[in-house]
Amino acid sequence: MNRVYTLVVCEKPDAARRIAHALGSAKETKPLGLSVFDVTRDGSRYVITSAIGHLYGISDVTASRSVYPVLDLEWAPLPKNARAARAIKVISELAQKASSFVHACDYDQEGEVIGHSILEYACGGAYGKSRRAKFSTLTDEEIQESFLSLAAPSEGLAEAGRSRHMLDYLYGINLSRALSRSFKVTKGGYHNLSIGRVQGPTLAFAVEREFEIRLHVPDPYWTVTASLAKGEKFSAQYAKPRIDTVSEASAVLEGSSGKDAVVANFQSRKVVLRPPTPFNLGDLQREAYRVLRVSPGYTLAIAEKLYLQALISYPRTSSQKLPPSIGYSKIISGLSRIGSYGGLASMLLSRSRLIPNEGKMSDPAHPAIYPTGVPPRSKLGGLEFKVYDLIVKRFLATFGDSATTQRADVSVDIGGYEFVADGVEVLYDGWMVLYRPYVNLERHSLPELKKGDRLDNLGVEMSEKFTQPPRRYNQASLLAKMEQEKIGTKATRADIIATLLKRNYVASSREGIEVTDLGLAVIESMKEYVPSIISTDLTRGMEEQLEKIELGKGDSASAIEPAVDRLVESLSSFMEREIEIGGKIVEAAAFDKNQAATIGSCPVCKKGQLRMIKSWKTKKRFVGCSNYAEGGCKASAPLPQKGGIRPTGKACPACSWPIVGVVFARRSKQWRICVNFSCPAKKR
DNA sequence: GCAAGGTC
């Protein structure tokens, strides 16, 4: 056997496996549990192994977590990560006998950094002499092609990526420590507070919406609706959709009730609906939330799994474009042999030309998400299949014909008042056939009408309504906002939202995402001392700098040094007033805790509030009175130990103890129980 | 028990 080999470093074990299989028949060994593949192709021997994501990161050389500012940073193996440490050991040993190196991590900024660290620190500074494999999908063809056109590594990209790590660490760690320290010097003890370049603006988006909602004053208005028929029934709205006064609405109602209804105008026109654009990750996450109610984070996890099985292309992409080089007809004929896609695929395969309806967004390293056409090796699980099906049908639909709908508008005169209605009907399905059952089009029909037609007036009604505050963000719409503002990466936006929830800066309720008092207090303190951290400007400025570095027009130091100067200045003014800031944060956290735990007023002492308490001893939760201390009220009651407890604000009619809701799963039915253990209404 | 970014 050839003793000389090229060491191929991939980003993750599954990528190493796919690359090895694409290059030939590989022999696998597992030193320290890490897969290593040995394969010979065209007379060259390759030893292929992988990282497990980042193996190195920035580490703090100071020991204590309550010290800031931290400014001396260095790259080091990730601490407390035994798997990463084992991978470094294996790669270092393989590197010693390697004659050359291939950097085969994902082709993007972060992938460049992952490979750079490994080649520099575990392979004796081999980054500069390594060669880069560039692929955007893990299909055999793309991998083989990438090995035929190995290029020099992108040093600018690596430096830009390393600078990004530095800046985020400097801002994030120092400001998070400043917040936590302000809490500690005020109240003592540690409270885990954090802020960063992405958390800051994301929380600020939710705060802005929170204010809009809290400051909204509902304005009454009235609507008048008529039930009409000509063979087919339909309803029509008074032409002024918002009537400001009850007297005006009553006049319309009186003037139109029981009066002749005559078509004053009828128009219909054709509307062309273009096919949907290919999915980028955000589009997929939003659509999966809309049609499957799957959270953005979970959708990404499923897509990642499908990618590693080579069923779809790289999912962490912002592109909405599908270049012809991916081989449209080959993919579609592949799909025609999978499951029930044969019929849909053959509709497209019979065409002379295939042209996808591309969107505007692009990505430097990857095309939009598309199915590879490779059949699944084993049956896909329920949700996995649903997400795969969504991706396949979206891909097919982008090649479909434009659909045509008929849009009709009618205006009806009823006793001198104008009422309007519209109808939407599909004349030609086009791409919609390919995208069922995910098409989002509301059809409602109108009967065949023409000017002068007399209609049956089946009754007119008026109703009072109130203007509504803007809707709360949910996880999908907040993610969409982050995407729109270009904050975070496609791969981490869902995680950032999870962190805000974990910190209790926001809470997720049935209505959506609500900002807590703690979240408000954190934003207020940052607004005063480091306003840039809650604004998207910080990211914008950083991106500009990084792009220069990537293109070789700037260096890391010139981006980092001025940022450190500004940060140090802000931190010192923050520290000067940390007791005052801490006071507000402590108060807000206490308020939230109290708010969350309060179940209702105490029927025994009639002074205190009943709260949910977790026993130190038994770790079980129960209800106790806030008036318990120093010989106060002893009222208490057990609680179910499983499920979410929701205050209802209602009292039991039989015993006047509070009624709570118990939920066992998201969106499941809420069970309402009286918390009083000896409530007379309970049959025991 | 601190960021944001990878991956498991």
Side-chain angles (χ1 to χ4, degrees), chain A residues 9-17 33-35 50-60 62-70 73 75 78-84 86-87 105-118 158 160-184 189-203 297 300-301 303-305 307-308 314-316 482 487-500 502-505 522 526 530 533 538-539 542-543 546 563 567 571:
Chain A
V9 179
C10 308
E11 185 157 324
K12 50 204 166 236
D14 288 281
R17 168 167 283 110
L34 187 76
S35 286
S50 75
I52 312 151
H54 280 291
L55 300 183
Y56 297 82
I58 293 170
S59 85
D60 169 8
T62 59
S64 166
R65 280 198 171 187
S66 53
V67 172
Y68 78 89
V70 179
L73 307 175
W75 286 81
L78 291 184
K80 292 177 202 160
N81 189 331
R83 287 189 67 189
R86 284 198 295 271
C105 296
D106 292 349
Y107 187 47
D108 53 25
Q109 181 173 286
E110 227 42 50
E112 195 65 30
V113 174
I114 291 170
H116 173 274
S117 302
I118 292 168
R162 285 160 64 83
S163 308
R164 202 278 309 150
H165 277 256
M166 286 283 180
L167 287 166
D168 279 342
Y169 194 98
L170 286 164
Y171 276 98
I173 299 299
N174 287 307
L175 291 171
S176 297
R177 284 187 183 181
L179 285 169
S180 298
R181 213 187 100 108
S182 78
F183 188 99
K184 191 172 181 178
Y190 183 84
H191 194 99
N192 197 0
L193 297 169
S194 67
I195 198 75
R197 179 179 55 82
V198 184
Q199 283 183 41
T202 307
L203 180 56
L300 173 54
E304 172 78 8
K305 226 172 154 184
Y307 162 67
L308 291 174
Y314 189 71
R316 291 171 185 140
M482 295 170 80
I487 284 295
T489 74
K490 50 235 171 196
T492 56
R493 289 180 183 122
D495 290 341
I496 297 286
I497 296 172
T499 301
L500 297 179
K502 200 166 87 187
R503 297 273 180 270
N504 286 322
Y505 291 171
V522 166
M526 288 297 124
V530 204
I533 200 72
L538 190 59
T539 295
M542 192 186 79
E543 277 167 350
L546 296 188
L567 181 63
L571 286 168

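Just so you know, these numbers come straight off a predicted model, no measurement behind them. First the proteins, then the strands, lettered A, B, ... as listed; each starts at 1.
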- Item | Aromatic-base stack, Tyr190(A) on dG1(B), cutoff 5.5 Å, angle under 30 | yes
- Query: Tell me, do Arg177(A) and Asp60(A) make a side-chain contact under 4.5 Å, heavy atoms counted?
  - Reply: yes
- Approximate separation, where rounding is to 0.5 Å, of Arg503(A) CZ and Leu203(A) CG: 11.5 Å
- Query: Taking only side-chain nitrogens and oxygens of Arg83(A), does any of them come within less than 4.0 Å of OP1 or OP2 of dG6(B)?
  - Reply: no
- Item | Any Gln199(A) side-chain nitrogen or oxygen under 4.0 Å from OP1 or OP2 of dA4(B) | yes
- Hey, is the side chain of Thr492(A) poking within less than 4.0 Å of OP1 or OP2 on dG5(B), counting only N and O atoms? yes
- Query: Is Thr499(A) near enough to dA3(B) that one of its side-chain N or O atoms lies under 4.0 angstrom from OP1 or OP2?
  - Reply: no
- Task: Output yes when at least one side-chain N/O atom of Arg503(A) is less than 4.0 Å from OP1 or OP2 of dC2(B), else no.
- Result: yes
- Query: Is the shortest side-chain N/O distance from Arg164(A) to OP1 or OP2 of dA3(B) below 4.0 Å?
  - Reply: no
- Message: Let's see if you can work this out: which of dG6(B), dC8(B), dG1(B) has an atom nearest to the side-chain heavy atoms of Arg65(A)?
- Response: dG1(B)
- May I ask you to verify if any side-chain N or O of Ser180(A) is less than 4.0 angstrom from the OP1 or OP2 atom of dC2(B)? no
- His165(A) and His54(A) aromatic ring geometry - parallel, tilted or perpendicular at 30°/60° bounds: perpendicular
- Task: Let me know the distance between CG of Leu546(A) and P of dA4(B), rounded to the nearest Å.
- Result: 15 Å
